[in-house]
Amino acid sequence: MNDHASNEPSIAAPRPPAAEAGDEPLRVVHVMTALVLAGMEYGVIKVCNRLERDKVTPGIVCLRYEAPDARAALHDSVRVIALEEIPDRNWGLIPKIAAAFRTLRPEVVHSHNWQTYVYAVIAARMAGVPVIIHGEHGHDSTFRSWKRLLAQRALSPAVDRFVTVSKDLSRELVREWRLKPERIANIANGVDLERFTPQTRADELRRALGYDAAAKVITIIGGLRPVKGHPTLLRAFARLREHEPQARLLIVGSDYRRGHQKELETLAASLGIADAVRFENIRNDIPDVLALSDVYVNASHFEGMSNTILEAMASGKAVVATAVGGNVELIDDARTGLLVPPNDPEALAGALARVLGDPALRERIQTAARAHVVREHPLAGMARRYQDLYLETALRRRVRRSAPAGERVKRLAAATLRYAGVTALLHAARGRQLTILTYHRVLPLHEARRYPYQGMVLARDTFEHQMAHLARHYSVLPFREGVRRLETGSLPPRAIAVTFDDGYRDNAEHALPILERHGVPATFFLVTDAIERGLRPWWDEIAAVAPNDAPAIVSRLNRMARAERAEHLRRAREEQGADPTDVDGVMMGWDDVAELLRRGMSVGSHTHTHAFLDELSPEEIRSELNESFDLLERRAGSRDRWVAYPRGRALGGDRGRDLLREIGVAAAVTVQYGSNRPQADPLALRRVDAGLTRLHATFDRALFDLELSPLAPKLRRY
């Protein structure tokens, strides 16, 4: 934690609006074509069942009907209104949906896929629903209509947030719908890790389906629709059977009386494989179906993010899939599965033969696949991210509408200076300098507003807007390159480097996906002892036992001498039960650090124990930094010797700099406010607190640019 008295004035937490305090749960209504046990629909069911009822009350509006088996899978408390209508060009649906909304009184409407988009958005506006979210889960066909695209673009301004299940779909919405990336949340599908787990083969079900012990069962599960590529799979299976006569193909799914199954049966017969292909309708024993399978296959022409692939991976099955859509995000080729081009029977047959014929490869894939799903796709995590999206979007609207007058004046003044060209002139007059932005925590808005240390936290949606703005209008450099170009005097205009202090887990959970989405590199300065021993920062210990008084207590402790501060902390732990153990998991683990590096980020040291270096002897400084650097190299493979001071300025005088050079420090960042001119001392770099607009009703580009200008020190007095 920085000593913010040396960086900026302490800012008190705002009073939350009444609705934020939890008086009533947020009412969220999902809109879907029909309530059935299909991929997207079942995903909505799982989210509704997992939402915390004291925070969110879910409901569902179906344009068509609710199937009994789907209703049985849905929690009893979820109210469903089925309109029993045919949605194709049925404009009379709109007032009926609006009437359903007036009955359910949602604060948030969440529509799903194209079939509900136009109807739900217009009806929600008619019914006065405050917040509209639209989700895209995949394509219902390979045909693209220009009329549909025009409607998608025309209605998009009426939608508050969009959400997709894959990065591929997010890119499509940016490219084709012409949305700004910051309007799109990406929430990957999740899987029930308790229901889908590696288990012994379901011998009883194998026998019931007519498979003997020698049969090698290849399974595909999902609706029988052209986009799923079943004809390609049948042709691939015919090729495979020439070399694997014991191979069997199990196709599970319904065509919903559209005649597609009959077409597939005819094709199988013409290929001479009808005796080895079995069609099964929708089943409720999918874990057992996967347990009896040797390989899971997906042959789709497009996928948002396949729930059945996730379930197969969670069940410890090797997956062969087409390299389309979200499949490439789930499967790392030859590590967590095998990828093949779409509509290529020969390549698909070859991959199936490879995984069936190599038990060692199959076992490696199965183990890696299960581990990936456990880490990245738990169902509880998916439900929490949707819940955060609903709460965050609804609260942001309330905050925006209740902005204080003083804030509006500041925004107006910033806009005036920007459009008059003054801000641009200020940036130009400063010349080419490196601005190092520093962050600490990034949390969903409703969590950020509850954190006692408002100077250390930024709301996730504000952070997203900042990263989008930086990516468009600044030259964002990796820290290493920024320092190098600072030393050589080759900085580009508006050079920025993004950094984080401490090593909070939310940096990996919330900030990292946003950084990736906008192509922004970042460096994370870590308190290595907290990561190594599973400790939380001492200021969070205080916040846990005295949340209302914590900012004042920490400010007072920061001003104490080292020994006195240590004694106060010792007494607090004894008298108030403060616990240094990271019981809530707020800090990163080494797996998180490895993931940061794998995704192109870099790490440095925020010292080993968050010690204030200006209080330590030279020997203690050596120990503090060397231990931290050694851990970063040994546990994360990082050899970059960069440090961010937990407090104060650079170590004083030539002796301090000589000590840092002796330790091997290549760059050191202070908490002194400001930008860095060419030839600046790399061991005494200045930086800027990037949470400048943390308490504003919404992100303001003009105000953000002004805060990064040379006028900022004077402006921040007001």
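Scope of the values below: all heavy atoms of this structure, side chains included, with no hydrogens, waters or symmetry mates.
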Spacing of [X] atom [atom1] and [Y] atom [atom2] [to the nearest 0.5 Å]:
| X | Y | atom1 | atom2 | result |
| --- | --- | --- | --- | --- |
| Leu632 | Glu627 | CG | CD | 11.0 Å |
| Asp388 | His510 | CG | NE2 | 6.0 Å |
| Leu426 | Leu708 | CG | CG | 12.0 Å |
| Leu434 | Arg485 | CG | CZ | 10.5 Å |
| Thr423 | Arg418 | OG1 | CZ | 7.5 Å |
| Asn186 | Glu136 | CG | CD | 13.0 Å |

For this session: Run through Arg375, Arg384, Arg460 and flag the one making a salt bridge (charged side-chain N to carboxylate O under 4.0 Å, His left out) with Glu509.
Result: Arg384
For [X] and [Y], which heavy atoms make the closest approach, and how far apart are they?
| X | Y | answer |
| --- | --- | --- |
| Leu683 | Tyr645 | O-OH, 3.5 Å |
| Ala550 | Ala543 | CB-CA, 3.8 Å |
| Leu330 | Ser306 | CD1-O, 4.0 Å |
| Gly304 | Leu169 | CA-CD1, 3.7 Å |
| Met601 | Ala522 | SD-N, 3.3 Å |
| Arg687 | Val671 | NH2-CG1, 4.2 Å |

Between [X] and [Y], does at least one N-O distance fall below 4.0 Å, as a salt bridge requires?
| X | Y | answer |
| --- | --- | --- |
| Arg161 | Glu182 | no |
| Asp640 | Arg480 | yes |
| Glu516 | Arg599 | yes |
| Asp529 | Arg536 | no |
| Arg484 | Glu487 | no |

Mind telling me whether [Y] and [X] have parallel, tilted or perpendicular rings, with 30° and 60° as the class edges?
| X | Y | answer |
| --- | --- | --- |
| His377 | His372 | tilted |
| His469 | His473 | tilted |
| Tyr386 | His110 | tilted |

I'd like to know if the side chain of [X] reaches the main chain of [Y], judged simply by a donor and an acceptor atom lying under 3.5 Å from each other, with no hydrogens or angles considered.
| X | Y | answer |
| --- | --- | --- |
| Thr336 | Asp332 | yes |
| Arg450 | His446 | yes |
| Asp501 | His440 | no |
| Asp582 | Val586 | yes |

Take atom [atom1] in [X]; do more than 12 heavy atoms of anything else shown fall under 6.0 Å from it?
| X | atom1 | result |
| --- | --- | --- |
| Arg178 | CZ | no |
| Arg677 | CZ | no |
| Arg175 | CZ | yes |

Problem set entry | With sequence neighbours excluded, residues passing side chain to side chain contact (heavy atoms under 4.5 Å, CB included) with Leu193 | Val191, Ala314, Arg370, Val373, Val374, Pro378
For this session: Under the side chain to side chain contact (heavy atoms under 4.5 Å, CB included) rule, collect the residues that match up with Glu662, sequence neighbours excluded.
Result: Arg622, Leu659
For this session: Applying salt bridge (charged side-chain N to carboxylate O under 4.0 Å, His left out), name anything that partners Arg183, two or more places apart in sequence or on another chain.
Result: none
For this session: Can you sort out the partners of Arg634 under salt bridge (charged side-chain N to carboxylate O under 4.0 Å, His left out), two or more places apart, ordered by chain and number?
Result: none
Problem set entry | Check: Asp705/Tyr474 side-chain N/O donor and acceptor closer than 3.5 Å | yes
Exercise. Are Phe525 and Phe500 close enough that their ring centers fall under 6.0 Å?
Worked result: no
Problem set entry | Sequence neighbours excluded - salt bridge (Lys or Arg N to Asp or Glu O under 4.0 Å) pairs with any residue from residues 426-446 | Arg441-Asp506
Exercise. Tell me, which pairs form a ring pair (Phe, Tyr, Trp, His ring centres under 6.0 Å) where one or both residues lie in residues 621-642, sequence neighbours left out?
Worked result: Phe479-Trp642
